[in-house]
Amino acid sequence: MPADPLVPPCGLVLAAGAGRRFGGPKALARTPAGVPWIAIAVRALRAGGCGDVLVVVGAAADEAALLVPAEATVVRVADWRTGVATSLRAGLKAAASGPASAVVVLPVDTPDVVPAAIARLVRRAAPDALAQAAYTGEPGHPVLIGRAHWAAVGASVRGDVGARPYLIAQEAEFVECGDLWSGADRDER
């Protein structure tokens, strides 16, 4: 489907991994109050200006899919064990079936994300855009990938290495978000 510049970017939650360092799939993680991290990510992407939101699940996919809010679409990845590259490719492929000109990628292990950080990237959405949130100059998430880059990103990612090498090679714009939150992901409970 061709991109429509009037359509907001698609949100993409990466939640397929086994979470070995975490002690289990992060897709099943919840806050101390019991709120699923998946739900936090979906709602933050929507509040930050994304339209459609896709959630890529793999490890514990059936359980994780039950935690995905109704306003999001589940994308199942059978070969999730091969690493984040497979999840990102699956998410980009699913996004390509819609009209969004860009996608905002957010890993599920960022439950402290604030919609304002997402909104800073959404404002840069365009088919040729490439932007990455930064925290005191250090790259982090979320990441905005314009539709013109989807095929190249999908071809460049390998195993457990995501889009970072591509973002560096293409000199993605850094969007400072350190004034909004820490940008920290969670690798431990």
Side-chain angles (χ1 to χ4, degrees), residues 4 6-17 19 22 24-77 80 84 87-88 90-125 129 131-135 139-146 162-163 175-189:
D4 182 342
L6 300 178
V7 173
C10 178
L12 177 57
V13 180
L14 299 181
F22 189 72
K26 294 178 185 178
L28 304 179
R30 295 174 181 263
T31 67
V35 180
W37 286 6
I38 283 179
I40 292 169
V42 168
R43 291 185 182 122
L45 286 164
R46 293 294 302 251
C50 292
D52 294 334
V53 177
L54 306 169
V55 180
V56 181
V57 297
D62 291 340
E63 293 171 77
L66 295 174
L67 302 177
V68 175
E71 67 265 23
T73 301
V74 174
V75 177
R76 292 175 182 264
V77 179
W80 57 268
V84 71
S87 300
L88 183 55
L92 292 173
K93 181 179 179 184
S97 68
S101 62
V103 66
V104 177
V105 181
L106 183 68
V108 73
D109 65 356
T110 55
D112 298 320
V113 67
V114 295
I118 295 163
R120 285 187 183 170
L121 291 167
V122 165
R123 286 193 287 275
R124 288 156 170 82
Q132 182 169 24
Y135 301 91
H141 287 94
V143 172
L144 177 110
I145 304 171
V175 179
E176 184 57 49
C177 295
D179 60 315
L180 300 172
W181 73 297
S182 71
D185 63 352
R186 299 225 193 138
D187 289 328
E188 298 177 0
R189 289 192 190 264

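Worth saying up front: this structure is predicted, and the values here are computed from it rather than measured.
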Between the CG atom in L12 and the CG atom in L144, the distance rounded to the nearest 0.5 Å is 11.5 Å
Evaluate the side-chain contact (heavy atoms from CB on, under 4.5 Å) criterion for residues L54 and V56: first the C-alpha distance (whole Å), next the side-chain angles of each, then the deciding distance (0.1 Å), finally the verdict. CA-CA 7 Å; L54 306 169; V56 181; 5.6 Å; no
Please check: side-chain N/O of Y135 versus main-chain N/O of L180, any donor-acceptor pairing under 3.5 Å? no
Could you give the distance from OG (S87) to CG (L92), rounded to the nearest 0.5 Å? 10.5 Å
Can you tell me how far CG of D52 sits from CZ of R46, rounded to the nearest 0.5 angstrom? 7.5 Å
For a quick test of reading the model, state the closest non-hydrogen atom pair linking V75 to A94 and the distance between them. CG2-CB, 3.8 Å
Minimum heavy-atom distance between A100 and P8, given as atom pair plus value: CB-O, 3.7 Å
Out of D109, V113, D112, which residue meets the side chain to side chain contact (heavy atoms under 4.5 Å, CB included) rule with D185? D109
With no hydrogens and no angle check, is any side-chain donor or acceptor of R120 less than 3.5 Å from a backbone partner on A116? no
Before you tell me yes or no, could you show the steps for R76 and D62 under side-chain contact (heavy atoms from CB on, under 4.5 Å), namely the whole-Å CA-CA distance, both residues' side-chain angles and the distance that decides it to 0.1 Å? CA-CA 9 Å; R76 292 175 182 264; D62 291 340; 2.8 Å; yes
Let's go through R30 and L67 carefully: what are the C-alpha distance in whole Å and the side-chain angles of both, what is the deciding distance for side-chain contact (heavy atoms from CB on, under 4.5 Å) to 0.1 Å, and is it a yes or a no? CA-CA 10 Å; R30 295 174 181 263; L67 302 177; 3.1 Å; yes
Minimum heavy-atom distance between H141 and V143, given as atom pair plus value: CD2-CG2, 3.9 Å
Between A131 and L121, what is the shortest heavy-atom contact and its length? CB-CD2, 3.6 Å
Has Q132 got a side-chain atom pairing as donor or acceptor with G140's backbone, closer than 3.5 angstrom? yes
V35 vs I40, side-chain contact (heavy atoms from CB on, under 4.5 Å): CA-CA, chis, key distance, verdict: CA-CA 7 Å; V35 180; I40 292 169; 3.7 Å; yes
Which heavy atom in A27 sits nearest to a heavy atom in I38, and how many Å separate them? O-CD1, 3.3 Å
To check you understand the geometry: which heavy-atom pair defines the closest contact between A61 and V57, and what is its length? CB-CG2, 3.9 Å
Distance check, rounded to the nearest 0.5 Å: C50 atom SG versus I118 atom CD1? 6.5 Å
